[in-house]
Amino acid sequence: MRFVKDFLYIIGLPALLLIGWVVWSAQSDSFFVPTWEQMTNAFANTWTWTRMTTDVFPSVGRLVVGILVSIILGIVVGLLVGSFRWLRQLMEPTMEFFRAVPPVVLIPVFMLLIGIGDDMKIAVIVLGAVWPILLNTIEGVRSMDEVLSDTSHTYRVAGAARVRYLILPSAMPQIMAGIRQSLSIALILMVISEMFASSAGLGYTIIQFQRSFAIPEMWSGIVVLGLIGVIMSFIFQIVERKVLAWYHGQREMENAG
Amino acid sequence: MRQRRATWTNRLLGLVGILLFLGIWELLPLLGIVDARFMPPASAAIADLLTKFGDPVFWVAVWDTLVAWFVGMLISVVAAAVLGFVIGSSPFLRKFTNSTIEFLRPVPSVALIPLAVLVFGVGVESALLLIVYACFWQVLIQVLYGVADVDVVAMDTAKSYGMGRLARVRYVVFPTALPYLMTGIRLAAAVALILAITAQLIIGTPGLGAEIARAQSGGAYVSMYSLVLATGMLGVVINIVFRAIERKVLSWHTSIRSEVK
Amino acid sequence: MADTPDGHIPVGHTVADGEALLSVRNLKKIYHTDGGDIEAVRNLTFDLPKGELTCLVGPSGSGKTTLLKAISGLLEPTSGEVKLAGKLVTGPPKNMAVVFQEYGRSLYPWMRVRENVELPLKVAGMNKAKRDQLVDDALQAVGLDHVPRSYPWQLSGGMQQRVAIARAVAYQPEVLLMDEPFAAVDAQTRADLEDLVRRVWKQLGVTVLFVTHDIDESVYLGSRVVILSSSPTIIQQDIKIDLPDERDQLETRSSARFAELRHHVYEQIQLAKQGFRPDQAKAQV
Amino acid sequence: MADTPDGHIPVGHTVADGEALLSVRNLKKIYHTDGGDIEAVRNLTFDLPKGELTCLVGPSGSGKTTLLKAISGLLEPTSGEVKLAGKLVTGPPKNMAVVFQEYGRSLYPWMRVRENVELPLKVAGMNKAKRDQLVDDALQAVGLDHVPRSYPWQLSGGMQQRVAIARAVAYQPEVLLMDEPFAAVDAQTRADLEDLVRRVWKQLGVTVLFVTHDIDESVYLGSRVVILSSSPTIIQQDIKIDLPDERDQLETRSSARFAELRHHVYEQIQLAKQGFRPDQAKAQV
Amino acid sequence: GGDEAPTDTEQDAGQGNGELTQISVGVIPIVDVAPIYLGVQEGIFEEHGLDVELTLAQGGAAIIPAIQSGDFDFGFSNMTSLVIAKSQGLPLQLVAPGPQTTGEPGNDFSSLLVPEDSEAESIVDLEGQRVAVNTLNNINDTVLKEGMRQEGGDRDSMELVEVAFPDMGAQLESGNVDAIMAVEPFATLAKSAGAREIYSPYAEPIEDLMIAGYFTNTDKIENDPELVDSFITAMKESQQFAEDNPEAAKEILSEYTEIEPEVVEQLIMPRFPQEINRESTERIIELSEETGLITEPVDINELIYEGS
Ligand SMILES: Nc1ncnc2c1ncn2[C@@H]1O[C@H](COP(=O)(O)OP(=O)(O)OP(=O)(O)O)[C@@H](O)[C@H]1O
Ligand SMILES: Nc1ncnc2c1ncn2[C@@H]1O[C@H](COP(=O)(O)OP(=O)(O)OP(=O)(O)O)[C@@H](O)[C@H]1O
Ligand SMILES: O=[N+]([O-])[O-]
Ligand SMILES: [Mg+2]
Ligand SMILES: [Mg+2]
């Protein structure tokens with residue numbers, strides 16, 4: 001019963017939107033708004049198993065590596081920068097500088113420094129996806145409860161133990177919020193990274209469709225992107241429920257009142 | 001007095017960080033790690049940027065970029081905040097919209113360019129669509145987290161004093177979500193700048209992005225890097241402004257409090 | 001209601017229904033948690049007559065807070081009902097103020113002390129002049145007129161709690177619920193605040209339900225003391241406090257009657273802690 | 001140190017320096033805030049002899065928490081110094097445990113009760129068997145051996161505070177600082193915990209500084225009571241409690257000497273609240 | 001053409017009233033569009049009653065939808081993109097010629113370049129090698145493949161990767177690619193850094209290849225043929241002007257690109273023909289079909305509109 005309800009929540013709005021689009025596209029003759037028929041055809045013809053293995057899976061592989069690197073980098077640097085005020089002050093303008101520069105114009109620099117292989121594409125994903133994790137980790141570390149921090153000090157929970165038992169768990173809700181944001185940014189950058197020095201990949205395919213005016217195919221690619229986003233988000237939510245069981249429990253307890 | 005001195009060392013350290021970065025950039029081509037023709041040293045880019053400072057064309061491009069950035073931000077922040085509060089305060093809406101939000105969020109703005117141009121043409125409106133689309137999710141997600149963070153006791157207090165829904169949003173939910181909203185806005189500020197530049201680069205709406213495209217297509221590497229430098233500087237300035245606003249608006253918040261101490 | 005502390009009052013019957021401002025009938029609250037259901041309140045029935053100052057005492061975890069939340073309409077009971085002036089309580093009623101146990105979380109950290117106290121009045125649409133008057137008076141009454149521009153987190157725990165009390169007083173409610181409001185306050189301030197509560201109670205004619213686990217306090221303050229059993233909670237006993245209306249920290253507390261009442265309450269609580277339950281001892285009415 | 005409660009002790013001098021485990025000299029703390037500077041502690045000088053159980057009483061906002069934080073090395077004093085066993089305290093010293101006033105925020109919400117109590121021992125590198133023993137004993141001592149796998153936020157306030165106490169006890173510190181630890185605990189549990197603190201104190205030979213605003217509690221618990229003036233804080237008085245070493249909740253509290261001492265402390269606090277300050281009354285030594 | 005007289009008079013009459021028709025044209029900031037800038041500067045469009053607003057875009061991604069939406073009246077695009085768009089059913093038509101190869105191998109505005117020390121001597125030596133083109137599945141890889149085939153190599157044997165023109169030089173030097181297909185000014189830049197030309201991909205495989213052109217929406221042709229004719233005439237005159245005044249064409253580059261003056265001096269300009277080259281366009285359509293870029297055949301008569 002609860003499962004059915006959850007399922008209805010998941011598909012409810014998408015179904016409504018789908019119906020809206022079917023109705024709208026049926027009476028629109030715009031070249032850029034494909035009909036239901038065009039879309040289903042495009043889907044069936046485009047996303048074959050071969051295409052999955054040559055374009056989708058390698059892209060998703062880079063995406064996953066990029067996300068993992070972002071998480072590790074974001075948390076490690078975030079813990080450092082969040083813990084030392086001087087480091088934060090030292091780094092903040094430079095970090096803001098890099099955050100403000102569009103990846104599209106930084107990619108040539110990466111190509112110069114890293115080359116044009118998978119490394120470069122992963123680096124581009126990390127370049128964009130690391131910020132929400134990094135900033136959230138910094139915020140999480142900074143907004144640590146003073147009493148808890150004092151308690152740990154008096155019990156001499158210091159060094160690695162302090163990170164392991166205090167800083168990391170207390171920042172974890174924020175870190176998770178950051179990771180959640182990063183997932184979609186990473187997906188966006190996966191596409192952008194494949195706009196350069198590529199000859200295969202999901203993002204590359206979508207761009208090719210766009211350039212060759214294969215509009216239904218392009219939209220079908222975007223739908224695939226969205227689906228990957230949804231899948232990632234649901235995997236993430238499962239992981240989050242586990243990692244932050246205490247946090248949600250506490251919330252529920254408070255909210256029960 | 002003490003505080004003032006603190007912010008000065010603060011800025012000084014930040015400056016040191018920037019200098020460090022510029023130093024590394026300067027050395028990369030000098031040490032032959034990259035070819036100076038394709039990535040000129042920082043000094044060359046800075047020198048070029050200084051000459052650009054005297055060129056009204058540059059300032060017009062900066063202005064165009066800032067206008068697109070600001071309007072895009074404003075629209076997305078207002079829309080996302082309003083929707084975020086509405087969705088966030090209803091468990092039903094939260095669950096109902098979750099999958100759709102997760103679906104739409106990762107759709108890259110660049111993929112929407114044909115749609116944007118088709119609907120809005122090549123003017124600033126298209127750039128705005130891309131900016132708003134990208135920023136909207138950043139702010140929305142933050143606001144949703146913020147609204148979920150409202151303290152039950154604080155909320156109960158408001159209810160027990162007979163505050164209606166609107167008053168509770170105004171006096172309890174909004175201040176609670178404000179730190180989250182500010183973070184969202186700060187994230188969005190950077191994203192908006194990125195998208196403004198990217199849209200100008202690809203669609204050709206006037207601004208720094210279009211200037212970068214012009215430099216790129218002419219093989220003017222020094223000019224391109226000086227424009228990228230200008231973009232980054234714009235980002236730093238925007239961040240400083242938002243930090244200041246945040247410090248003012250959130251003076252009561254733990255993260256700021258510990259900073260002031 | 002029995003006149004002597006030893007007079008047992010049948011569960012489910014206290015004062016005549018006619019005078020009751022607040023009436024709680026067969027209230028039951030079960031919390032559903034992952035770890036199973038917790039029956040916090042089993043079957044509570046009692047009345048608060050208009051204008052009385054009732055103290056509710058019970059051991060830690062006996063469901064005092066739960067009961068208060070149900071009365072203030074913040075928590076939906078599993079079964080049973082709460083009526084205020086004859087009307088079923090489904091949401092927070094007007095003219096009721098609650099001082100929460102978690103004072104630290106009930107003040108708004110983004111508002112200064114003064115703004116915290118002023119907010120409910122402002123939202124209620126009271127004009128500025130009247131508001132200022134009430135806020136000033138309330139802050140003075142709790143001895144905090146010197147820190148109106150501080151933020152709550154710049155104050156000590158006791159001071160924070162006093163801000164919460166000032167807010168309730170300024171609001172001039174008809175019914176005032178207080179959940180262990182003096183837990184964080186020092187003895188002297190506490191004595192002052194106790195007298196303040198009694199003063200406010202008499203001046204405003206407000207009906208007060210005061211939750212505490214301090215037996216002396218309950219006897220000193222109340223015109224009546226309701227003792228809760230340990231969880232799942234029912235009413236252990238309901239005692240009328242027949243001390244003179246004018247109370248004095250030194251005099252009253254050292255009177256023989258005070259000691260007697262205090263002793264009785266203490267005994268009852270001891271019983272409650274040992275698991276004695278009136279519903280097991282005798283059939284329920 | 002004076003033997004009678006009335007014997008005034010010159011500020012700045014208490015016990016002979018030789019025996020002091022903890023010594024506080026001319027401690028001053030000024031908080032810098034937007035609204036101006038707040039002088040929380042003006043000039044505190046006192047010693048804690050090794051093995052004593054000293055109670056610190058003072059009105060709300062008198063800087064008790066501030067003082068405790070300075071002693072535990074968590075807060076840098078504006079001037080003056082704190083020495084532990086002759087060594088200047090600059091950060092939290094070894095073998096010191098602090099039980100904070102805000103119990104709800106001093107437990108790790110992501111750890112179960114047992115893990116919370118165990119963590120300091122684990123970090124200190126104690127072996128598992130010994131750890132388990134100490135944790136079991138401590139949980140049993142505070143009466144919480146039935147909830148080791150609960151999370152702190154699943155417990156009532158009083159239970160949470162007992163977890164914090166268990167953690168401090170299991171840590172077996174040389175110096176134990178407690179900041180109004182029983183504020184949220186019901187009367188009976190409180191009595192039990194008071195006896196627990198005295199038992200631990202005697203068993204471990206630990207030096208305890210116990211902050212409270214409950215006068216009865218301070219007299220019942222302490223071998224000595226230090227009374228703070230209101231803010232900016234100095235020492236109002238330092239009293240030796242000459243009650244018999246074996247104390248009993250009923251017997252001791254009803255003794256004449258207890259009443260006398262209690263009365264004296266009460267008076268002093270009244271004086272403090274009225275703004276009487278020893279440093280104004282007489283020249284400082 | 002001889003059919004310009006009547007419209008000319010009409011437009012001139014219009015101009016006599018002091019009213020210019022405003023049109024907006026989407027172009028790309030490259031050497032190829034110098035004539036239209038010249039035409040505007042020299043008043044050629046004004047003479048034909050047109051007030052032209054030129055907007056720079058990065059490529060077809062923006063220009064073609066903008067033509068669809070009517071935001072641009074005319075746009076600039078390479079032939080392959082147009083052919084693909086046409087085969088997808090977009091209602092577009094080519095109306096005026098763009099740049100054309102000089103036809104002289106070794107002296108064209110596009111070059112296939114290898115590092116100085118490369119062993120490759122001709123395009124066939126690139127079999128199995130990595131070659132950078134700016135856009136895959138477009139005109140540049142089409143002509144490269146055709147060149148490879150004509151020289152006797154396997155058309156599909158090169159590993160083509162997409163690298164933007166500005167990044168090609170660096171990628172060639174770092175050895176990430178074995179060869180690049182660059183256009184001006186990047187070809188000149190790369191050559192001056194030591195790269196060696198082994199093939200002229202526009203000049204050699206297809207005779208008089210017209211690389212790009214100006215197009216519009218079919219609706220526009222139906223609804224406002226006079227306007228389209230005026231544009232065609234003005235465009236042809238502009239092309240002619242550029243062809244006749246190569247120095248002026250080079251000079252105008254500084255108006256919309258940022259090419260260093262020394263490079264402008266050295267770079268090789270394309271030719272700017274007056275007429276649309278049907279043959280080379282036909283060839284592009286065939287090659288697009290052969291390489292699978294299009295699946296639906298494109299009728300050249302529906303693609304090209306040469307005025308009413
Ligand atoms: N939100 C909740 N979810 C689950 N159980 C709860 C919740 N709130 C309270 N309880 C449980 O209900 C019982 C009563 O709790 P309540 O807080 O009402 O007691 P209390 O009398 O106010 O205690 P204290 O004197 O410590 O404040 C306790 O056993 C507690 O663990
Ligand atoms: N972080 C702070 N910033 C500014 N002022 C502070 C801060 N902490 C405490 N104070 C001020 O210092 C004074 C002493 O506070 P402290 O918390 O030490 O008192 P306390 O004796 O522990 O009070 P209580 O018994 O209520 O806990 C108070 O006036 C308080 O407002
Ligand atoms: O138009 N092109 O030069 O590809
Ligand atoms: Mg409670
Ligand atoms: Mg305190």
Side-chain angles (χ1 to χ4, degrees), chain A residues 75 78-79 82-86 136-137 139-179 239-257, chain D residues 65-66 68-75 84 89-113 115-126 149-156 160 163-164 167-168 170-173 175-179:
Chain A
I75 292 180
L79 287 178
S83 304
F84 301 103
R85 186 128 74 103
W86 64 270
N136 271 281
T137 307
E139 291 300 315
V141 173
R142 280 173 67 197
S143 58
M144 151 116 46
D145 191 294
E146 287 164 60
V147 178
L148 210 51
S149 168
D150 283 352
T151 305
S152 305
H153 268 133
T154 59
Y155 285 114
R156 304 183 72 83
V157 177
R162 189 176 162 84
V163 174
R164 162 79 186 76
Y165 297 111
L166 174 68
I167 299 179
L168 209 50
S170 103
M172 199 45 84
Q174 294 230 37
I175 293 177
M176 281 304 193
I179 292 177
V239 174
E240 199 216 26
R241 279 269 143 198
K242 258 204 134 55
V243 174
L244 293 184
W246 63 270
Y247 181 73
H248 295 296
Q250 192 177 23
R251 280 254 99 88
E252 269 168 32
M253 182 66 74
E254 285 169 358
N255 286 330
Chain D
T65 300
T66 304
L68 232 68
K69 283 198 176 166
I71 293 177
S72 55
L74 293 169
L75 193 79
L84 184 71
V89 170
T90 48
K94 250 199 155 85
N95 302 329
M96 179 185 277
V98 184
V99 176
F100 288 96
Q101 193 170 7
E102 297 104 327
Y103 55 88
R105 288 164 57 197
S106 90
L107 299 175
Y108 301 101
W110 46 86
M111 290 183 189
R112 295 168 194 279
V113 165
E115 293 162 348
N116 260 288
V117 177
E118 193 180 6
L119 182 69
L121 308 178
K122 193 162 153 188
V123 171
M126 186 181 290
R149 292 193 47 77
S150 294
Y151 283 102
W153 36 268
Q154 292 173 322
L155 307 177
S156 75
Q160 287 178 22
V163 177
R167 178 168 61 183
Y171 191 61
Q172 300 195 287
V175 180
L176 175 59
L177 309 180
M178 303 177 98
D179 193 0

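The most heavy-atom pairs under 4.5 Å with chain D, out of A:Ala245, A:Gly159, A:Ser152, come from A:Ser152. Chosen from D:Ala168, D:Gly73, D:Ser72, the residue pairing most often with chain A at heavy-atom distances under 4.5 Å is D:Ala168. Each of D:Pro109, D:Ala97, D:Pro93 has some count of heavy-atom pairs under 4.5 Å with chain A, and the biggest count is that of D:Pro109.
Of all the heavy atoms in A:Arg156 and D:Pro92, the pair that sits closest is NH1-O, 2.6 Å. For D:Arg105 against A:Leu148, the heavy-atom pair with the smallest separation is O-CD1, 3.2 Å.
Contact annotation for D:Ala164: only backbone heavy atoms (N, CA, C, O) come within less than 4.5 Å of a heavy atom of chain A. Heavy atoms of D:Leu107 lying under 4.5 Å from chain A belong exclusively to its backbone. Using a 4.5 Å cut-off between heavy atoms, D:Arg112 does not touch chain A at all. Heavy atoms of A:Leu244 lying under 4.5 Å from chain D are absent altogether. Proximity to chain A involves both the backbone and the side chain of D:Lys94, based on heavy atoms less than 4.5 angstrom apart.
Taking OG1 from D:Thr65 and CG from A:Asp150, the interatomic distance works out to 11.0 Å, rounded to the nearest 0.5 Å. Here A:Leu166 contributes atom CG and D:Met111 contributes atom CE; the two are 8.0 Å apart, rounded to the nearest 0.5 Å.
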Yes or no on ring pair (Phe, Tyr, Trp, His ring centres under 6.0 Å) for A:Tyr165 and D:Tyr108, after CA distance, side-chain angles and deciding distance?
CA-CA 9 Å; A:Tyr165 297 111; D:Tyr108 301 101; 8.2 Å; no

Run the numbers on D:Phe100 and A:Glu146 for side-chain contact (heavy atoms from CB on, under 4.5 Å), then give the verdict.
CA-CA 11 Å; D:Phe100 288 96; A:Glu146 287 164 60; over 6 Å; no

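No side-chain donor-acceptor contact under 3.5 Å links A:Tyr247 to the backbone of D:Trp110.
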